[in-house]
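Along the sequence shown, residues carry numbers from 1.
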Amino acid sequence: MLVRMTTNAEEPQPPPRRRAPAGAAVLREDVTEAIRAAVFEELAAVGYARMSIEGIARRAGVGKTAVYRRWRSKLHLVLDLVSAIAVQGLPAPDTGSLEGDLRLLYEVTSRALRHPVASQILPDLQAEAARNPDIAEALQKALREGQDGVAKGVVAAAQERGEMRPGVDHALALDLISGPLYWRSVVIRNPKLPKGHLAALARATTAALRAL
């Protein structure tokens with residue numbers, strides 16, 4: 001019987017490794033985060049209307065190409081960041097009482113709204129939202145979804161403890177919980193609170209929620 005000897009040249013060879021196409025550079029996460037931080041700083045400094053990709057790139061210490069690899073325009077960039085806020089949300093308080101949960105939630109939210117960057121960006125985006133429906137939709141989603149999950153958690157915990165009746169209107173509960181601080185900080189832009197204001201607000205909101 002004839003046995004055919006296989007030479008090395010005839011042995012199956014592994015397929016050649018494909019080279020990444022030109023321009024398909026890996027997007028470094030540290031660069032992405034630097035750009036995101038630069039956007040918040042640029043928004044606070046000059047506002048959305050005057051914000052530019054050039055200014056963002058300069059503040060982030062990167063070239064314009066690095067920004068355009070990630071976002072097509074400043075609108076898409078801002079929409080992406082605003083939408084990300086909704087995903088992050090706020091930590092759900094768990095103090096053991098409705099009033100305690102509200103007090104802690106108000107303290108955390110109040111500190112966030114008093115931050116210099118937030119106090120500059122939110123009013124500017126609210127004004128821009130009146131002219132741009134895409135920003136309006138993204139901002140509404142970010143603000144509502146960022147608070148909605150926490151508010152539902154506060155209400156659900158209160159219902160389990162018997163502090164609120166079941167079947168309350170969650171949208172109305174969210175308005176009662178979140179409305180006062182946003183009114184003061186975003187609408188009338190007076191985030192400075194008098195002494196004891198958050199404790200009084202927590203007591204008043206607790207009474208209102210129990211009356212639903």
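Between the K74 side chain and the V39 main chain, no donor and acceptor come within less than 3.5 Å of each other.
Judged as a salt bridge (charged side-chain N to carboxylate O under 4.0 Å, His left out), the pairs with a partner in residues 199-212 (not counting sequence neighbours) are, in order, E163-R210. Identified under the side chain to side chain donor-acceptor pair (under 3.5 Å) test for residues 165-180, with sequence neighbours left out: Q147-S178. Counting only residues at least two apart or in different chains, salt bridge (charged side-chain N to carboxylate O under 4.0 Å, His left out) contacts with residues 44-54 comprise E54-K64.
Checked against side chain to side chain contact (heavy atoms under 4.5 Å, CB included), P194 has the following partners two or more places apart in sequence or in another chain: R184, H197. Looking at residues two or more places apart in sequence or on another chain, you find a side-chain hydrogen bond (donor to acceptor under 3.5 Å, both in side chains) between S73 and H76. The salt bridge (Lys or Arg N to Asp or Glu O under 4.0 Å) test applied to E29 returns R36, not counting sequence neighbours. Applying the salt bridge (Lys or Arg N to Asp or Glu O under 4.0 Å) rule to R70 yields no partners; only residues at least two apart in sequence or on another chain are considered.
Y182 and L174 fall into different hydrophobic clusters, where Ile, Leu, Val, Met, Phe, Trp and Tyr are joined by side-chain heavy atoms under 4.5 Å apart, directly or via other members.
Here the CG-CG distance, from L201 to L193, works out to 9.0 Å after rounding to the nearest 0.5 Å. Interatomic distance, CD1 of I53 versus CD of E42, reported as 10.0 Å (0.5 Å rounding). A distance of 10.0 Å separates CD in Q159 from CG in L209, rounded to the nearest 0.5 Å.
When all heavy atoms of P93 and V150 are compared, the pair lying nearest together is CD-CG1, 3.9 Å. Minimum interatomic distance between I35 and A66 (heavy atoms only, all atoms of both residues): CD1-O, 3.9 Å. In this structure, L198 and S110 approach most closely via the heavy-atom pair CD1-CB, 4.3 Å.
Side-chain atoms of V78 and L125, non-hydrogen and from C-beta on, do get closer than 4.5 Å to each other.
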Report all side-chain donor-acceptor pairs from residues 95-108 shorter than 3.5 Å, counting only partners two or more places apart or in another chain.
{"from": "T95", "atom 1": "OG1", "to": "S97", "atom 2": "O", "distance (Å)": "3.3"}
{"from": "T95", "atom 1": "OG1", "to": "D101", "atom 2": "N", "distance (Å)": "3.0"}
{"from": "T95", "atom 1": "OG1", "to": "D101", "atom 2": "OD1", "distance (Å)": "2.8"}
{"from": "S97", "atom 1": "OG", "to": "G100", "atom 2": "N", "distance (Å)": "3.0"}
{"from": "D101", "atom 1": "OD1", "to": "T95", "atom 2": "N", "distance (Å)": "2.7"}
{"from": "R103", "atom 1": "NE", "to": "E107", "atom 2": "OE2", "distance (Å)": "3.0"}
{"from": "Y106", "atom 1": "OH", "to": "I177", "atom 2": "O", "distance (Å)": "2.8"}
{"from": "Y106", "atom 1": "OH", "to": "T205", "atom 2": "OG1", "distance (Å)": "3.1"}

